[in-house]
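Predicted, not measured: the structure shown is a model, and the values here were computed from it. Both ligands and their constituent atoms are indexed starting at 1 by order of listing.
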Amino acid sequence: MKKVRKAVIPVAGLGTRFLPATKAMPKEMLTVVDRPVVQYAVDEAREAGIEHIVFVTGRNKHVIEDHFDIQPELIDTLTRAGKTSALAAIEELQLDAGRVSFTRQQSPHGLGHAVWCARDLIGDEPFALLLPDMVSFGVRGCLATAMQLYREAGGNVVSVEQCNPLETDKYGIVGKGGPVADGFAITEMVEKPEPSQAPSNYYINGRYILQPEIFGLLETQERGAGGEIQLTDAMARLARVQPFHAAPFTGRMFDTGSKAGFIEANVAMALAREDLRDLVLGPIAELVAAHAGAAARINRSA
Ligand code: G1P
């Protein structure tokens with residue numbers, strides 16, 4: 001079984017749901033507390049043992065490259081000022097020289113096309129894929145959980161969670177087969193099925209370990225849901241000849257690509273941080289209580 005050394009992080013999306021914030025700034029640079037969304041994906045990849053990150057970028061995304069680069073003037077200034085914790089916060093960002101690559105998806109044809117754009121940089125080895133909109137909190141990272149199942153069972157691994165059965169049309173959905181180590185065999189994969197057509201409520205939560213044969217299939221993949229080249233459709237074809245396993249994630253995943261998920265992630269992360277919890281808990285509780293009181297008054301007068 002080949003080791004998974006590289007991870008693809010697609011960051012080419014336009015971020016139209018967050019306009020005007022994303023007019024000039026990439027949506028992946030919006031912050032959850034004090035870290036850009038994309039940094040959580042990079043941290044999760046490193047925690048899972050990934051050595052090389054391949055970003056699939058697009059126009060207006062150069063800030064992401066700068067974020068992970070060294071900034072000598074800033075380091076000098078912080079060093080002279082003795083700001084050690086700020087220094088540590090930027091030093092941990094630095095990726096190993098020669099172990100980060102950037103390639104461009106020149107036009108937006110969907111996730112499958114974005115992944116295909118990384119084919120030459122990945123070559124003939126299994127790789128991880130992290131969709132950075134999905135930010136995970138857990139004792140063990142989501143990709144590390146998928147990696148564990150890969151080490152035990154090989155093949156291709158998709159991280160899953162259960163969603164509201166009425167919301168299957170928001171995600172890629174997998175069919176549940178028999179147990180495999182701590183996960184289960186995948187019987188089928190469908191992109192954004194109507195609830196009545198969904199094989200289960202296990203949704204693909206944005207973390208994958210894929211064999212390189214996916215690239216040949218993506219090359220000929222026809223457009224699917226939403227008129228886009230869908231990764232899930234190519235995975236369904238690969239599943240005819242290679243095993244696919246599902247790794248259920250037991251932590252918490254936030255979809256920061258939606259406004260509600262983004263706000264929830266910020267609150268959850270602030271409450272999880274020892275340096276912030278006591279500062280934000282009281283004000284948040286007061287705001288919630290004030291709204292609950294207003295809602296109760298509206299209900300009484302109705
Ligand atoms: C993509 C995938 C989908 C997956 C989802 C997770 O959809 O195509 O299978 O469930 O990410 O966030 P998108 O969110 O790009 O529509």
Asker: With atoms numbered from 1 as shown, which atoms in ligand 1 lie under 4.0 angstrom from a non-hydrogen atom of Lys192?
Answerer: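 Contacts of ligand 1 toward Lys192, numbered from 1: 7 (O), 13 (P), 16 (O).
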Asker: Checking the N or O distance criterion of under 3.5 Å, is ligand 1 in contact with Gly172?
Answerer: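 It does: an N or O of Gly172 is found under 3.5 Å from an N or O of ligand 1.
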Asker: Please check atom 15 (O) of ligand 1 for a protein heavy-atom neighbour under 4.0 Å.
Answerer: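 Under the 4.0 Å cut-off, atom 15 (O) of ligand 1 has no protein heavy-atom neighbours at all.
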Asker: Is Arg273 salt-bridged to Asp34, cutoff N-O under 4.0 Å?
Answerer: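 A salt bridge links Arg273 with Asp34.
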Asker: Looking at every heavy atom in both Phe249 and Gly141, which two are closest together, and how far apart are they?
Answerer: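 Looking at all heavy atoms of both residues, the closest pair is CE1-C, 4.0 Å.
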Asker: Just wondering, do His67 and Val42 contact through their side chains at under 4.5 Å, heavy atoms?
Answerer: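 Val42 vs His67: side chains apart.
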Asker: When the aromatic ring centroids of Phe102 and Phe68 are compared, is their separation below 6.0 Å?
Answerer: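 When the ring centroids of Phe102 and Phe68 are compared, they turn out to be at least 6.0 Å apart.
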Asker: Taking NZ, NE, NH1 and NH2 as the nitrogens, is one of them in Glu92 or Arg35 under 4.0 Å from a carboxylate oxygen of the other?
Answerer: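 Yes, Glu92 and Arg35 are salt-bridged.
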Asker: For the 3.5 Å polar cut-off, considering only N or O atoms, please tell me whether Tyr171 and ligand 1 meet it.
Answerer: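 Min N/O separation from ligand 1 is not below 3.5 Å for Tyr171.
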Asker: Might you work through the salt bridge (charged side-chain N to carboxylate O under 4.0 Å, His left out) test for Glu228 and Lys192, ending with a clear yes or no?
Answerer: CA-CA 12 Å; Glu228 298 192 328; Lys192 304 196 170 78; over 6 Å; no
Asker: Does atom 10 (O) of ligand 1 have any protein heavy atom closer than 4.0 Å?
Answerer: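 Looking at atom 10 (O) of ligand 1, one finds that a protein heavy atom does lie closer than 4.0 Å.
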Asker: Heavy-atom contacts with Thr232 under 4.0 Å: which atoms of ligand 1 show up? List them by number with element.
Answerer: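 Reading through ligand 1 atom by atom, the close ones are 9 (O).
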Asker: Of the side chain and backbone of Leu131, name the one, both, or neither that has a heavy atom under 4.0 Å from an atom of ligand 1.
Answerer: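 Side chain only.
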Asker: Quick check on contacts: which atoms of ligand 1 are under 4.0 angstrom from a heavy atom of Gln230?
Answerer: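 Near Gln230, meaning under 4.0 Å from one of its heavy atoms, ligand 1 has 8 (O).
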Asker: Can you find a side-chain donor-acceptor pair between Glu65 and Thr57 that sits under 3.5 Å?
Answerer: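 No - no donor-acceptor pair under 3.5 Å links their side chains.
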Asker: Numbering the atoms of ligand 1 from 1, which are under 4.0 Å from a heavy atom of Met134?
Answerer: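 Answer for ligand 1: 12 (O).
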Asker: What residue and atom, counting heavy atoms only, is the protein's closest point to atom 2 (C) of ligand 1, and at what distance?
Answerer: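 Its nearest protein heavy-atom neighbour is Glu191 OE2, 3.6 Å.
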Asker: Taking Thr187 for its side chain and Gly177 for its backbone only, find out whether a donor-acceptor pair lies under 3.5 Å.
Answerer: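 No, the answer is negative, given that no donor and acceptor are paired below the 3.5 Å cut-off.
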Asker: For ligand 1, is there an N or O atom under 3.5 Å from any N or O atom of Ile204?
Answerer: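 Looking only at distances, the answer is yes, because the N/O contact criterion of under 3.5 Å is met.
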Asker: Does any N/O atom on Tyr203 come nearer than 3.5 Å to any N/O atom on ligand 1?
Answerer: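 No, since none of the N or O atoms of Tyr203 sits under 3.5 Å from an N or O of ligand 1.
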